[in-house]
There are 2 protein chains.
Amino acid sequence: MDESAKRPGRAKRADAQRNEQALLDAAAAVFVSSGIDAPVREIAAKAGVGMGTIYRHFPTRADLIVAVYRHQVDACAEAGPALLMDSASPYVALDRWVDLFVDFLVTKHGLAAALGSDQASFETLHAYFIDHLVPTCDQILEAAIAAGEIRADIGAYELMRGIGNLCIYADQDSRYDARRLVGLLVAGLRT
Amino acid sequence: MDESAKRPGRAKRADAQRNEQALLDAAAAVFVSSGIDAPVREIAAKAGVGMGTIYRHFPTRADLIVAVYRHQVDACAEAGPALLMDSASPYVALDRWVDLFVDFLVTKHGLAAALGSDQASFETLHAYFIDHLVPTCDQILEAAIAAGEIRADIGAYELMRGIGNLCIYADQDSRYDARRLVGLLVAGLRT
DNA sequence: TGATAAACGGAACATTGCTCCGTATAGTTG
DNA sequence: CAACTATACGGAGCAATGTTCCGTTTATCA
């Protein structure tokens, strides 16, 4: 799991490592203040590097976003089995896991929108979320279906896209509560 | 209701009227092929007018979008009372009306996203939808609540935003069926 | 037909994503 | 420690797009 465990070539140069970390820190800060659609120049400037450097380390915006949020996505994925164990029923576990997912999404301005978009530049982002979260969601969903608590005609991917969509622009409108809508959606799953 | 019923000044010049119509026609066509985010230049070119002309007639993109879809929005709004009369129950009317709304949204590439966005340039668009559709939705919702068919803790605005969000990017992903998700959301309203 | 207000068109500027290449340097080797 | 080379850097520059501004054209009217 160590970063330096890259297959063949030698390790990165020291300045390259420093710059990559600086970019991650800068991006995390800028994403909070300006959303994940913030101008590339702003991130580069905050990190104190040139345009060329940011594109060398993170060829697409999606690569940068994934790098910044990887740990949180992984944590969400890993929380699934534990919830399934600890909860009174699979449906309760589903409800709790969805809460985790929603909490993550609504605090990342613009992320939910990027997730739904099929812009080629977001391919990596899309793939990371699908690969890491769909299996977990599917596991919970299957358990709830097996327990007869929810209808069987919905897939993990489609449910997660629906939840993601409900979280789009959720932080821009005080009259709209994404958590409540997601709650209704999950309620609609009940048999 | 006539267009020429503008209060004080005299009627528009003939060439201005022609250009406005040409712009509406061009925009309608371009919106279908390239979505409502199509470059302004593309619309102006298709209409055979200069950049200045399009901005003079429609200062913001939202103004143009509203002008293009006004009739369809109005039709959706006016369909509400009829559905309430003709349906077996308010809940059925709600279900049917939501179908109309979803059908409208999913066939307008990018419109649902623009509706949710709080970009200042979409203010007019937002306002038009709120003003014209929320009252209708509210009427159906209230009837369903009065009939005890759905829970009472959801407002028309919030529901419509949720439906709108579920329709975002719906035409870009064959694995995602907005109608199904909206169906689940509405099902979640049942008492 | 001439005057004038209305409308037009497109050049020009600003923002932003992305690329390219000349320059600088970390790490290595003799 | 000095020279060398693979890496990495930086930012100018191009392309796309939104938006404005103003000199020119034209519809309308007397």
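Residue numbers begin at 1 in each chain, while the letters A, B, ... track the order of the sequences. These values consider heavy atoms only, across backbone and side chains, with no hydrogens, waters or symmetry-generated copies.
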Peer 1: If you link ILVMFWY side chains whenever their heavy atoms are less than 4.5 Å apart, which other residues fall into the same cluster as B:Y169? By chain and number, please.
Peer 2: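 Via sub-4.5 Å side-chain contacts, B:Y169 links to A:I168, A:Y169, B:I168.
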Peer 1: Could you list the protein-to-nucleotides 16-22 of chain D atom pairs, N/O on both sides, closer than 3.5 Å?
Peer 2:
unit_1: D:dG18; atom_1: OP1; unit_2: B:R61; atom_2: NH2; d: 2.7
unit_1: D:dG18; atom_1: OP2; unit_2: B:V40; atom_2: N; d: 2.8
unit_1: D:dG18; atom_1: N7; unit_2: B:R41; atom_2: NH1; d: 2.8
unit_1: D:dG18; atom_1: O6; unit_2: B:R41; atom_2: NH2; d: 2.9
unit_1: D:dT19; atom_1: OP2; unit_2: B:Y55; atom_2: OH; d: 3.2
unit_1: D:dT19; atom_1: O4; unit_2: B:R41; atom_2: NH2; d: 3.4

Peer 1: The criterion is side-chain hydrogen bond (donor to acceptor under 3.5 Å, both in side chains); which residues satisfy it with B:D74, sequence neighbours excluded?
Peer 2: B:Y128
Peer 1: On the nucleotide D:dA8, are OP1 or OP2 found under 4.0 Å from the side-chain N or O atoms that A:H57 carries?
Peer 2: no
Peer 1: Indicate, yes or no, whether a donor-acceptor pair under 3.5 Å links the base of C:dA6 to the side chain of B:R13.
Peer 2: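 Indeed, a donor on one side and an acceptor on the other fall under 3.5 Å apart.
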Peer 1: Is any side-chain N or O of B:N19 closer than 4.0 Å to OP1 or OP2 of C:dC8?
Peer 2: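 Result: yes.
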Peer 1: Mind checking what makes side-chain contact (heavy atoms from CB on, under 4.5 Å) contact with A:A62, not counting sequence neighbours?
Peer 2: A:T60, A:F122, A:T124, A:L125
Peer 1: Return all side-chain donor-acceptor pairs below 3.5 angstrom for residues 33-41 of chain A, not counting sequence neighbours, or 'none' if the list is empty.
Peer 2:
unit_1: A:S33; atom_1: OG; unit_2: A:A29; atom_2: O; d: 3.4
unit_1: A:S33; atom_1: OG; unit_2: A:V30; atom_2: O; d: 3.2
unit_1: A:S34; atom_1: OG; unit_2: A:E42; atom_2: OE2; d: 3.2

Peer 1: Need to verify one output field. Residue with the more 5' nearest nucleotide on DNA chain D, B:R18 or A:D15?
Peer 2: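 Its nearest nucleotide lies further toward 5', so the answer is A:D15.
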Peer 1: Whole Å only: how far is the CD atom of A:Q17 from the C1' atom of D:dC9?
Peer 2: 16 Å
Peer 1: Does A:T53 have a side-chain nitrogen or oxygen under 4.0 Å from the phosphate oxygens OP1 or OP2 of D:dG10?
Peer 2: yes
Peer 1: Grab the CD-C1' distance between A:E42 and C:dG17 for me, whole Å please.
Peer 2: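 Computing the A:E42:CD to C:dG17:C1' distance gives 14 Å.
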Peer 1: Given atom CD1 of B:I54 and atom P of C:dG9, what is their separation to the nearest angstrom?
Peer 2: 11 Å
Peer 1: For residues 103-113 of chain A, which residue pairs pass the side chain to side chain donor-acceptor pair (under 3.5 Å) check, not counting sequence neighbours?
Peer 2: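 Checked against side chain to side chain donor-acceptor pair (under 3.5 Å) - neighbours excluded - the pairs reaching residues 103-113 of chain A are A:Q72-A:K108, A:D103-A:R179, A:H109-A:D171.
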Peer 1: Could you measure the distance from the CG atom of A:L159 to the SG atom of A:C137? Nearest 0.5 Å is fine.
Peer 2: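 So the gap between those two atoms works out to 5.0 Å.
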